[in-house]
Q: 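Mind looking over this structure? Questions follow.
What you see is a predicted model, and the numbers here were worked out from it, not measured in a lab.
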Amino acid sequence: MATYFLADIHLAENRPEITAAFLATLAAIARDADAIYILGDLYDYWLGDDLATPYQQRIAAALAALPCPLYYQHGNRDFLLGTAYAQTARLRILPERHTLTLGGRTVLLEHGDLLCSDDRGYQRLRRILRCRLLQWLYYRLPRALRLRIAEKLRAQSKTRTRRKAARITDTNPAAIRTALHSARATILIHGHTHRPAVHRLDDGNTVYVLGDWRPHGEILRYADGACTLINSAEIIHAPDNAGA
């Protein structure tokens, strides 16, 4: 049996190739999964549980049908996903930083945007958008206005990201060390940066960075005491899944 970690799927109805790859991957990994962890940005954007579309409800049904536990952390695109949708999809919502034990080692899980501390503009915006009062006001806006706000924020985010140096939008080494130390963890697993990699730190700790889906993405598989970063296409097309 194995534990799987994935992030940054960015599901959207106008991206059917990503949806197909995601659902095929879930079907494949569920066969030997003890648990599946989705570390944020399951959706490209989320307007609110009350505005979940038929497409998003179909995804919820597919998630709920899986035989293994599903855990979910909010990302920067779908942080408004709430308990109502989570219950429908059988997602167990985790805090923005969560620890678990794998093979006797403490593992820290998070989406990854908090680790990008050099991007001060984004961190300020993040604090504003996570404000409970602002969210309360947002939920009382008309649907059309909520959609326009989401589209504007996405467009601004893409523009800002293109203009910023890569080092600013990447994780900060000091922030990673601090997070690991605070959690008393030796392994960190995160997404957000869309830069899949395995980083062996000088202090012996390890950072696994998950990939974004294009339409496939790099996910992490833990089994038999070892972590392996693998592209989801390899899982779908593995011999055991032939003809599935």
Side-chain angles (χ1 to χ4, degrees), residues 4-26 36-64 70-86 88-89 91 93-94 96 110-116 119 121-122 125-126 128-130 134-135 138-139 141 143-164 169-170 190-196 209-219 231-233:
Y4 291 90
F5 304 87
L6 49 153
D8 300 295
I9 305 97
H10 294 279
L11 290 173
E13 194 163 7
N14 63 351
R15 298 175 179 175
E17 70 284 358
I18 294 180
T19 302
F22 175 65
L23 294 178
T25 300
L26 287 181
I36 297 173
Y37 289 81
I38 301 173
L39 307 188
D41 285 358
L42 171 62
Y43 288 101
D44 197 42
Y45 66 92
W46 190 261
L47 298 178
D49 289 12
D50 59 323
L51 298 180
T53 66
Y55 163 77
Q56 291 162 341
Q57 295 293 4
R58 289 195 297 273
I59 297 297
L63 294 172
L70 298 171
Y71 299 92
Y72 163 81
Q73 285 181 315
H74 289 112
N76 57 298
R77 296 291 189 91
D78 56 4
F79 61 91
L80 290 175
L81 193 151
T83 55
Y85 186 82
T88 300
L91 293 170
I93 298 180
L94 300 175
E96 62 185 14
E110 60 180 282
H111 178 59
D113 55 336
L114 279 172
L115 300 169
C116 301
D119 193 348
Y122 167 75
L125 178 62
R126 186 186 192 278
I128 292 171
L129 294 178
R130 303 298 175 102
L134 186 62
Q135 291 180 11
Y138 167 82
Y139 280 121
L141 297 175
R143 183 189 190 282
L145 181 54
R146 282 201 247 174
L147 181 58
R148 287 200 297 271
I149 290 173
E151 291 175 343
K152 184 176 181 179
L153 288 173
R154 279 189 298 159
Q156 290 176 344
S157 175
K158 291 178 181 178
T159 300
R160 284 193 299 266
T161 300
R162 285 195 298 265
R163 292 175 178 173
K164 291 176 182 177
T169 58
D170 204 353
H190 73 84
H192 180 66
T193 63
H194 300 183
R195 296 167 176 142
V209 186
L210 308 175
D212 61 315
W213 291 55
R214 322 167 294 282
H216 295 280
E218 291 74 23
I219 68 178
N231 189 276
S232 61

Q: Once you round to the nearest 0.5 Å, how far does CG of Leu81 lie from CD of Gln73?
A: 13.0 Å
Q: Got a second to check how far Phe5's CZ is from Tyr37's OH, nearest 0.5 Å?
A: 6.0 Å
Q: Where is the tightest heavy-atom contact between Ile128 and Leu134, given as atom of each residue plus distance?
A: O-CD2, 3.2 Å
Q: With sequence neighbours left out, what residues match Phe79 under ring pair (Phe, Tyr, Trp, His ring centres under 6.0 Å)?
A: none
Q: Looking at every heavy atom in both Pro16 and Glu13, which two are closest together, and how far apart are they?
A: CD-O, 4.0 Å
Q: Evaluate the side-chain contact (heavy atoms from CB on, under 4.5 Å) criterion for residues Thr193 and Thr169: first the C-alpha distance (whole Å), next the side-chain angles of each, then the deciding distance (0.1 Å), finally the verdict.
A: CA-CA 7 Å; Thr193 63; Thr169 58; over 6 Å; no
Q: Taking only residues two or more places apart in sequence, or in another chain, which ones meet Tyr45 in a ring pair (Phe, Tyr, Trp, His ring centres under 6.0 Å)?
A: none
Q: Please determine whether side-chain contact (heavy atoms from CB on, under 4.5 Å) holds for the pair Arg15 and Ile9, giving the CA-CA distance in whole Å, both sets of side-chain angles, and the decisive distance to 0.1 Å.
A: CA-CA 11 Å; Arg15 298 175 179 175; Ile9 305 97; over 6 Å; no
Q: Could you walk me through whether Leu80 and Tyr43 pass the side-chain contact (heavy atoms from CB on, under 4.5 Å) test, one step at a time?
A: CA-CA 11 Å; Leu80 290 175; Tyr43 288 101; over 6 Å; no
Q: Any donor and acceptor pair, going by atom type alone, linking the side chain of Asn76 with main-chain N or O of Asp41 inside 3.5 Å?
A: no
Q: Would you indicate whether the side-chain heavy atoms of Thr25 and Tyr4 approach each other to under 4.5 Å?
A: no
Q: Okay, side chain of Ser232, backbone of Gly217: is any donor-acceptor separation there less than 3.5 Å?
A: yes
Q: Do Thr19 and Arg58 come within less than 4.5 Å of each other through their side chains, counting heavy atoms only?
A: no
Q: Heavy atoms only: give me the nearest Gly191-Ala7 pair and the separation to one decimal.
A: CA-CB, 4.2 Å
Q: Quick check: does any side chain N or O of Glu96 sit under 3.5 Å from a backbone N or O of Glu110, one acting as donor and the other as acceptor?
A: no
Q: Kindly write out the residues that satisfy ring pair (Phe, Tyr, Trp, His ring centres under 6.0 Å) with His10, not counting sequence neighbours, or none if the list is empty.
A: His194
Q: Report the distance from atom OH of Tyr72 to atom NE2 of His111, rounding to the nearest 0.5 Å.
A: 9.0 Å
Q: Any idea which heavy atoms bring Ala21 and Pro215 closest together, and the distance?
A: CB-O, 3.5 Å
Q: Do Ile93 and His74 have side-chain heavy atoms sitting under 4.5 Å apart?
A: yes
Q: Please check this pair: side chain of Tyr85 against backbone of Leu91, looking for a donor-acceptor N/O pair closer than 3.5 Å.
A: no
Q: With side chains defined as the heavy atoms from C-beta onward, is the minimum distance between Asp119 and Asp113 less than 4.5 Å?
A: no
Q: Hey, could you give me the CD1/CG distance between Ile219 and Leu39, rounded to the nearest 0.5 Å?
A: 11.0 Å
Q: If we only count heavy atoms from C-beta on, is the Tyr138 to Leu47 side-chain gap below 4.5 Å?
A: yes
Q: To the nearest 0.5 Å, what is the distance between CG (Asp8) and CG (Leu210)?
A: 7.5 Å
Q: Is it true that a side-chain atom of Glu151 and a backbone atom of Arg148 form a donor plus acceptor pair closer than 3.5 Å?
A: no
Q: Got Leu114 and His190 here, is their nearest side-chain heavy-atom distance under 4.5 Å?
A: no
Q: Quick check: do Ile149 and Leu141 have side-chain heavy atoms less than 4.5 Å from each other?
A: yes
Q: Could you please spell out the steps behind the side-chain contact (heavy atoms from CB on, under 4.5 Å) verdict for Leu51 and Tyr139?
A: CA-CA 10 Å; Leu51 298 180; Tyr139 280 121; over 6 Å; no
Q: Can we say Asp44 and Arg77 salt-bridge, meaning some charged N sits less than 4.0 Å from an Asp/Glu carboxylate O?
A: yes
Q: Taking atom CD of Gln135 and atom CZ of Arg130, what is their separation to the nearest 0.5 Å?
A: 8.0 Å
